[in-house]
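Here the structure is laid out as C-alpha cells; the discussion comes afterwards.
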Number of protein chains: 2
Amino acid sequence: MRYPAAETAEKHQRILTAAARLFREQGFDGVTVGQIMQATGLTHGPFYNHFASKEALMAESTLHGSEHSRVALDAASASPEAMRQYVRDYVSTAHRDAPGDGCLLAALAGDVRKQPAVRPAFTFHLKTIIGKLAAHFPWQKKRDPRQQAIVMLSAMVGAVALSRAVDDDAFSDEILKAVNTAFTT
Amino acid sequence: MRYPAAETAEKHQRILTAAARLFREQGFDGVTVGQIMQATGLTHGPFYNHFASKEALMAESTLHGSEHSRVALDAASASPEAMRQYVRDYVSTAHRDAPGDGCLLAALAGDVRKQPAVRPAFTFHLKTIIGKLAAHFPWQKKRDPRQQAIVMLSAMVGAVALSRAVDDDAFSDEILKAVNTAFTT
DNA sequence: TGTACATCAGTGAACGCGCGTTCACTGATGTAC
DNA sequence: TGTACATCAGTGAACGCGCGTTCACTGATGTAC
C-alpha cells in the first residue's frame, strides 16, 4: 500500500542508522540485508525500494555513520582539554566494548580494503578527522602537527582494533592504557 | 588411492601456507575452502582429510603464518639499526601492497574480533611481538619500554591498515611516511 | 622374495543452507475532475 | 466537497547461486604371511 512521503523518508533514515550500527558491530559481510530490515521493523523485500543494492547501502551508511563522529570532534575542538578527553574516550574500554556506537575507522578499516564502493567515503572521513586533530589538538613540540595527528590517530585506531581482537582482558586494557598515557598526559 | 606418508605431511603444510597467504590477502570470510585447495593443486574434497573444519584451519594457519614474523623479528634483534629497519619495512609501501606476504596483525585484526577460534593464536603472537620490540628496539628516553612498544606497534598496525583502506595513493603514502618518520629518525 | 589383502588420501558429484535479489500482489494514500 | 482512479511502499514466497561439508568410490601403497 502507499505510505505518506514523510514516513518513507523516515524509514530510509532508520535503515541507514541500523545498518551503520550493525556494520560496525559485525562487519559488512557479517550482516545480512534481512537483519538490517528486521532491525527497522520491516521485512526484507522493500529494501530495494530504498537502495539499489547492499553495496550501495554500505557506501551510503558509511557516509551517514561518519557524520556523528565529525560532529563530536568539532564539539571537542573548543578547548585543548576537550581534545585530550576526546582521545581518552577513544582509547577507552567503553569504546572498545561498543563498536556499534563507536568510530568506523577502528571498526571497519580492515573491511574497507575489500569493499571498493566504500573507500571514497572512508577516505573522506579519515582526511577530515586528521585535519581536525592537526588543527585543534594541543601538540607539545614544534614538529609538524599533521604528521603528529597521523601518528596519534594511527595509534588510536590500531590500539582499539588490537584490543578488540585480543583474548585476554588485562592485556586488552594494557594496550588501551599505553596509548592513552602516551598522548594525553 | 593411498599416498606415501611424507607426501601427505607435505600437502598439509602446503594447505597451511596457501591458507595463511589467502586469509591475509582477502580475510577469513573472503576465502573459500575450494580456493585454498585449488592453490595447493588439489580438489576441495580431501580438505577434510587434513582439517576438521575451515575454522580449525583458520586457527592453525594463524599459528603457522605467525612463525615467519617472529623469526624475522628475532633476526632483527641483533642490532639497533636492524630493529629500526624492521619498523621501516613494516610501514613501507611494499608491505602495504603485499598483505599476503605481510604481518597478520595488520591484515587480520578486524577479522579476528569476529572469529573466536583464532583469538588465542592471535593474542599469543601479539604478546610475543610486543615483548621482543620492548626488549630490543633502541628506545630513546627513560620511559617504560613495554608501553612505548605497545604505542609504536599500535601506530604501525593502524597505519598499515588505514593506508590499505584509503582510496588516494598520495594520502596512503603520507600515512606510512608519518609513522616511519616518528619512530625511525 | 613373492603374493594377497587392508589401508586411506584423492576424486568429484551431491547435500543443505543462507545469502542477495526479484516479483506478482495488496491496499491506503494522493490526485484529477 | 465527493468520487474514481492511479500510484507505489510493503508483503512474503520464490529465484539462483555459492558456500561448507559429506560420501560412495578409486586405486597405489604398505603390510602380513
Side-chain angles (χ1 to χ4, degrees), chain A residues 1-62 108 111-112 114-118, chain B residues 1-62 108 111-112 114-118:
Chain A
M1 59 182 169
R2 194 166 178 176
Y3 284 68
E7 211 168 298
T8 298
E10 188 233 339
K11 274 167 190 165
H12 190 90
Q13 288 300 311
R14 287 227 309 273
I15 296 171
L16 278 176
T17 302
R21 163 183 290 272
L22 287 166
F23 284 149
R24 278 176 292 185
E25 281 175 357
Q26 305 179 45
F28 291 122
D29 290 343
V31 181
T32 70
V33 170
Q35 282 178 295
I36 294 163
M37 294 306 282
Q38 198 179 337
T40 70
L42 300 171
T43 53
H44 61 278
F47 173 78
Y48 294 91
N49 293 334
H50 291 281
F51 298 94
S53 64
K54 186 187 180 186
E55 198 178 43
L57 171 67
M58 281 161 26
E60 195 169 335
S61 91
T62 299
L108 293 171
D111 282 27
V112 169
K114 302 162 236 155
Q115 299 292 351
V118 183
Chain B
M1 61 185 173
R2 194 165 178 176
Y3 284 70
E7 212 168 301
T8 297
E10 188 232 340
K11 275 166 189 165
H12 190 89
Q13 287 300 311
R14 289 227 309 272
I15 296 172
L16 278 177
T17 303
R21 162 184 289 274
L22 287 167
F23 285 149
R24 279 176 292 184
E25 281 175 356
Q26 304 177 47
F28 291 121
D29 290 342
V31 180
T32 69
V33 170
Q35 282 179 294
I36 294 163
M37 294 306 281
Q38 198 179 337
T40 70
L42 301 172
T43 54
H44 60 277
F47 173 78
Y48 294 91
N49 292 335
H50 291 280
F51 300 93
S53 63
K54 186 188 179 186
E55 197 177 43
L57 171 65
M58 280 162 23
E60 195 169 335
S61 90
T62 299
L108 293 171
D111 282 28
V112 170
K114 300 161 237 157
Q115 299 291 352
V118 183

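When reading the values below, keep in mind they use all heavy atoms of this one structure, side chains included, and skip hydrogens, waters and symmetry mates. None of the values given here were measured: they were computed from a predicted structure. Residue numbering restarts at 1 for every chain, and letters A, B, ... go by the order of the sequence lines.
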**Study point:** Minimum heavy-atom distance B:Ser53-B:Tyr48, with the two atoms named
**Key:** CA-CE2, 4.0 Å
Revision key, fill the gap. Rounded to whole Å, CD of A:Gln38 lies from C1' of D:dG12 at a distance of 14 Å
**Study point:** Whether B:His12 and B:Phe51 hold their rings parallel, tilted or perpendicular, with breakpoints at 30° and 60°
**Key:** parallel
Check your understanding: Does a side-chain heavy-atom distance below 4.5 Å link A:Phe28 with A:Thr62?
Key -> yes
Listed pairs under 3.5 Å, donor-acceptor, residues 34-42 of chain A side chains, sequence neighbours left out:
{"unit_1": "A:Gln35", "atom_1": "OE1", "unit_2": "A:Thr32", "atom_2": "N", "d": "3.0"}
{"unit_1": "A:Thr40", "atom_1": "OG1", "unit_2": "A:Met37", "atom_2": "O", "d": "2.8"}

Review point. Rounded to whole angstroms, how far apart are CZ on B:Phe51 and P on C:dA9?
Key: 13 Å
Check your understanding: Hey, does the side chain of A:Lys54 reach the backbone of A:Val31 with a donor-acceptor pair shorter than 3.5 angstrom?
Key -> yes
Polar pairs (N or O, both sides) under 3.5 Å between protein and nucleotides 20-23 of chain C?
{"unit_1": "C:dG20", "atom_1": "OP1", "unit_2": "A:Lys54", "atom_2": "NZ", "d": "2.9"}
{"unit_1": "C:dG20", "atom_1": "OP2", "unit_2": "A:Val33", "atom_2": "N", "d": "3.0"}
{"unit_1": "C:dT21", "atom_1": "OP2", "unit_2": "A:Tyr48", "atom_2": "OH", "d": "2.5"}
{"unit_1": "C:dT21", "atom_1": "OP2", "unit_2": "A:Lys54", "atom_2": "N", "d": "3.0"}
{"unit_1": "C:dT21", "atom_1": "O5'", "unit_2": "A:Tyr48", "atom_2": "OH", "d": "2.9"}
{"unit_1": "C:dT21", "atom_1": "O4", "unit_2": "A:His44", "atom_2": "NE2", "d": "3.3"}

Study note, to complete from the structure: Shortest non-hydrogen pair, A:Arg24 vs A:Ala20, comes out as NE-O, 3.0 Å
Check your understanding: Can you list the stems that DNA chain D is part of, where a stem is at least 3 pairs in a row, each Watson-Crick or G-U, with both distances below 3.5 Å?
Key -> C:2-33 with D:2-33
Review point. Over how many whole Å does the gap from A:Asn49 atom CG to C:dC25 atom C1' extend?
Key: 13 Å
**Study point:** Check: A:Glu10 main-chain N/O paired with A:Arg14 side-chain donor or acceptor under 3.5 Å
**Key:** no
Practice item. Please determine if A:Asp111 and B:Lys114 form a salt bridge, counting it only when a charged side-chain N lies under 4.0 Å from a carboxylate O. Key: yes
Study note, to complete from the structure: In whole angstroms, the gap separating P of C:dG18 from CD1 of A:Ile36 amounts to 18 Å
Review point. If only side-chain N and O atoms of A:Thr43 are considered, is one of them under 4.0 Å from the OP1 or OP2 phosphate oxygen of D:dG10?
Key: no
Check your understanding: NE2 of B:His12 versus P of C:dG10: gap in Å, rounded?
Key -> 12 Å
Review point. Between D:dA9 atom P and A:Lys11 atom NZ, what is the distance in whole Å?
Key: 10 Å
